[in-house]
Amino acid sequence: MNRTAFTVSALAVAVLLSFGLHEALQVAPTEATMGNVQRIFYYHVPSYAAAFTFFFVNLLASVTYLVKRNTPAARPADAVAVSAAELGVIFCSVGLMTGMLWAKPVWGIWWTWDARLTSTFVLWLIYVSYLMLRRLSAGDQAPTLAAALAIFGFVDVPIVYMSIRWWRTQHPQPVIFGEQGSGLDPSMVPALLINIVAFLCYGAIVFWIRYKLERARQELHEAQALHSLELARSEAR
Amino acid sequence: MSLARTLALHLRKDLRLEWRSKDAANSMLFFALLVVVIFSFAFDPLAEESRHIAGGIAWVAFLFATIVALNQSWARELRNQVLDALRIAPAPANALFLGKTIANFIFVGIVEALMTPVFVVFYNLRVVGSGWQLVLVAALGTWALVVNGTFFSALSLRTRNRELMLPLILFPISLPALLGMVLATTNILTGERSPADWIKLLSVYDVVFTTVCLLLFEIVLNAE
């Protein structure tokens with residue numbers, strides 16, 4: 001793709017992210033009970049927004065791959081699937097880690113096996129196993145196997161969520177769980193929305209690079225396969 | 001040939017192979033026994049609280065034992081290119097999958113039936129809730145493990161380190177089923193709560209994932 005378009009969009013994303021940082025750190029008011037610690041919220045929620053978006057993109061691309069697996073549209077779909085899964089895992093990790101950083105001063109502990117935390121962690125595990133499968137499966141069947149696993153993973157998400165909610169409602173909550181996001185002050189909304197948009201744009205720009213890289217890798221792989229085929233043919237002659 | 005007849009043929013072949021070699025059953029049994037012994041070092045097995053953890057330990061033992069059996073179930077078909085022949089054969093792929101799944105279900109079920117008395121003896125268990133529900137939970141839970149396990153075992157057949165790959169992809173997807181099995185078993189053993197919700201969850205899990213497996217198996221079998 002053309003370089004100018006990329007440079008312009010990358011600059012725009014940089015500006016958007018800086019503006020989001022400014023909004024989060026200086027414009028948004030300090031939270032009454034938690035103080036400045038609460039400001040990590042403006043990075044925590046946007047990270048998850050990006051993670052869930054990418055997991056959904058991964059599902060769509062995987063289904064597209066399976067439907068069109070014998071057509072030229074299959075390879076781009078696979079490149080989208082792998083790029084989206086990697087970015088989803090990264091953003092989900094950022095979400096989990098910023099959550100822990102927030103939890104330590106506010107709850108007094110890094111982690112609790114609360115319904116929402118556990119479901120997100122299981123979701124993270126499922127997509128890490130997807131990436132492991134991609135890493136360890138060799139050859140041309142890897143995209144098909146990975147696409148099948150992506151469908152399993154996505155089907156599992158609602159079941160995970162329901163089961164863990166039941167599990168946790170059967171037991172008393174282990175710690176005081178501050179209801180985050182249930183009553184967000186209107187003055188905090190702009191900072192949150194700007195950061196969600198900024199993170200999605202940032203994710204999109206990294207996704208763009210990763211997708212181009214994967215397409216280049218696929219083309220190289222095909223060229224190498226063709227080349228060795230030609231070699232074998234000329235030797236046979 | 002119809003689906004049912006092909007399925008029966010595959011099932012008979014798998015059962016006969018296992019009956020003659022007894023590879024899977026022997027290794028599963030010994031493995032599960034070792035897990036029981038190792039866990040008894042970590043927890044006081046005769047304490048009254050052991051009733052609360054016995055369900056978890058039993059399922060962990062069965063889970064690892066299932067992995068042992070599943071890893072062998074498709075590897076058998078690789079020898080002498082049997083799998084390639086099965087792919088070419090004009091028979092429904094799902095008959096092959098279901099035959100294998102039912103065979104694995106029977107193997108794991110037998111191991112569970114043999115190991116349950118060992119658990120009862122070694123952990124001094126006494127069922128407080130209604131015992132017949134344990135059979136239902138075991139059947140639903142085993143099917144949940146085996147149906148996805150057979151699928152993922154076929155899926156990881158052509159990966160590097162395939163024996164390592166299977167648990168890595170099976171465990172995360174099975175977490176809700178494991179949660180259901182462990183909590184249903186604990187609820188029955190302690191008799192403190194009704195296991196009905198968890199039995200429902202396991203049934204839903206079984207139906208959903210059996211459907212997904214049947215829809216995707218042919219694609220995975222023929223992936224090239």
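First the proteins, then the strands, lettered A, B, ... as listed; each starts at 1.
- Note: A/Leu133 leads A/Leu133, A/Leu125, A/Ile126, A/Val160 in heavy-atom pairs under 4.5 Å with chain B.
- For A/Leu66, the part lying under 4.5 angstrom from a heavy atom of chain B is the side chain only.
- Annotation for B/Met165 and A/Met132: closest pair CE-C, 3.8 Å, computed over non-hydrogen atoms.
- Ring geometry, B/Phe151 versus A/Phe152: the interplanar angle falls from 30° to 60°, so the pair is classed tilted.
- Taking each heavy atom of A/Ile159 and B/Pro176 in turn, the nearest pair found is CG2-CB, 3.9 Å.
- Considering only heavy-atom pairs separated by less than 4.5 Å from chain A, the leading option among B/Leu179, B/Val208, B/Leu215 is B/Leu179.
- If you take CD on A/Gln141 and CG on B/Leu157, they are separated by 9.5 Å, rounding to the nearest 0.5 Å.
- Within 6.0 Å of atom NZ in B/Lys13, more than 12 heavy atoms from other residues, nucleotides or ligands are found, so the atom counts as buried in its surroundings.
- Both the backbone and the side chain of B/Leu155 come within less than 4.5 Å of a heavy atom of chain A.
- Between B/Ile173 and A/Asp156, the closest heavy-atom pair is O-OD2, 2.7 Å.
- Note that OG1 of A/Thr118 and CG of B/Leu175 are 10.5 Å apart. Values are rounded to the nearest 0.5 Å.
- The number of heavy-atom neighbours closer than 6.0 Å to OH of A/Tyr202, taken from other residues, nucleotides and ligands shown, is 12 or below.
- Of the inter-residue distances, the one linking B/Ile219 atom CD1 with A/Tyr65 atom OH reads 10.0 Å to the nearest 0.5 angstrom.
- Between atom CH2 of residue B/Trp198 and atom OG of residue A/Ser163 there is a gap of 6.0 Å, rounded to the nearest 0.5 Å.
- The environment of B/Glu218 atom CD is sparse: at most 12 non-hydrogen atoms of other residues, nucleotides or ligands sit within 6.0 angstrom.
- Minimum heavy-atom separation, B/Val220 to A/Ala148: CG2-CB, 3.8 Å.
- In the displayed structure, A/Ile90 atom CD1 is contacted under 6.0 Å by at most 12 heavy atoms of other residues, nucleotides or ligands.
- Distance CZ/A/Arg135 to CG/B/Leu168: 13.0 Å, rounded to 0.5 Å.
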